[in-house]
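Report on one structure; see the data block that follows.
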Amino acid sequence: MASATGVSRQIPTWEVGCTTSNGSLPAMDNDNDDTSENLSQSKSGKPPRNLSCMRHCSSTAFLTDPELDVGIICLKSPSTENSGFLPIFRSGSCSEKGPKQYMEDEYICVDNLHQYLATAVKFPAPGAFYGVFDGHGGIDAASFTRKNILNFIVEDSQFPSGTKKAIRSAFVKVDHALADTKAVDSSSGTTALTALILGRTMLIANVGDSRAVLSKRGRAFELSKDHKPSSTSERLRIERLGGEIYDGYLNGQLSVARALGDWHIKGAKGSKSPLSAEPDLEEINLTEEHEFLIIGCDGLWDVMSSQCAVTIVRKELLIHNDPERCSKALVKEALQRNTCDNLTVVVVCFSPDPPPKIEMPKSHKRRSISAEGLDRLQGILDAA
């Protein structure tokens, strides 16, 4: 692993890790993924994201105990927009090499941003920062990004008054620094997904195919879009800039349409490249109904739907209320499903308490439909 340069101060190792041991749309209503893309995912064995025939979860999370169910049938509750709610952050992480020969994932977890940052800049409390970085062509780019991206954000002149601009600028700065840093291989690149939370405002920034999923009373809400070359919007952008897609790969080389680094593909700085480093941003105001956030690299999402991941975490929290054990449960489940990639997962809870139990009508008949199927059915009934 190449060491990072002195672009910014080093983040203490106790706050980050990479182990090498063996108001958005609901997840099923993602309009950004076209039908052809989902059919392609289905053929390749990946869980479809907006087709009605969702892959069932094989986890023991789907027991029939009604008191431990995931709350797929959402009950109406009074608005919490003006409740004065402030989140309390607890996070847990798990990172495994999986079946691959090398570990190329990195992640960062900062539950208390004010305590962590030695800066005179004032920003809303509480504050937290999380990120996952899926490297390719070696771990250099992922490691460099993990060590520097938070500092690039908070040191930007737009922070915190223009946080969105500061985040966009930070992604560009990291990308350019990867081109200028001799200690980083020019063929190394990484995806980057970050979650910056200031007060009740959460900003998700994403480049690549890692994913952020929010649980709202047991329902999965995707806060990021997978930047796959085959998706309609990315394909049109790539072709407009002179790129081509071969068998789902950008120029026959990368399975993502956006990434930091990879300067052997991008060419000279300042030129328009089919491989983009521009992040998509999603902003959401957290309320008491928002229970936890899952961010993970594609090794998880290649074999598990967003709703299934939320179901597993919620069930685990009701048992032991430990986000660290939740992240390990997701990794274990993905390995049992024969994922082909490294696995990195971060689970962030917004309350010291476990999610509330949602009482469901008891029936003498045994339910044969999966929790994901119930969630889909509830969405159809709500729209009727």
C94 SG to L330 CG distance, which is reported to the nearest 0.5 Å: 9.0 Å
Cluster overlap V256 with L300, hydrophobic side-chain contacts below 4.5 Å: no
Atom pair CD/CG of E282 and L214 - distance to nearest 0.5 Å: 10.0 Å
side-chain hydrogen bond (donor to acceptor under 3.5 Å, both in side chains) partners of E244, counting only residues at least two apart: Y246
Hydrophobic cluster identity match, L254 and F171, side-chain contacts under 4.5 Å: no
Salt bridge R325-E316, side-chain N to carboxylate O under 4.0 Å: no
Salt bridge flag under 4.0 Å for residues D341 and K100: yes
Residues forming a salt bridge (charged side-chain N to carboxylate O under 4.0 Å, His left out) with D322, sequence neighbours excluded: none
Donor-acceptor side-chain pairing of K225 and S233 below 3.5 angstrom: yes
Donor on one side chain, acceptor on other, D111 and S91, under 3.5 Å: yes
side-chain contact (heavy atoms from CB on, under 4.5 Å) involving R237 - partner list, sequence neighbours excluded: E234, R240, L241, A257, R258, S276
Counterpart residues, ring-ring contact (aromatic ring centres under 6.0 Å, His included), relative to F123 (two or more places apart): H114, F159
V132 with M202, same ILVMFWY side-chain cluster at under 4.5 Å: yes
Backbone of D209 reached by a side-chain donor or acceptor of T191 within 3.5 Å: no
Any donor-acceptor N or O pair under 3.5 Å, side chains D140, S188: no
D156 versus S169, side-chain donor and acceptor atoms under 3.5 Å: yes
Non-neighbouring partners of P356 that pass side-chain contact (heavy atoms from CB on, under 4.5 Å), sequence neighbours left out: E291, R314
Cluster overlap L260 with I265, hydrophobic side-chain contacts below 4.5 Å: no
Criterion side-chain contact (heavy atoms from CB on, under 4.5 Å) against F350, the qualifying member of L293, I88, T287: L293
Contacts of type side-chain hydrogen bond (donor to acceptor under 3.5 Å, both in side chains), residue S93, not counting sequence neighbours: Y107
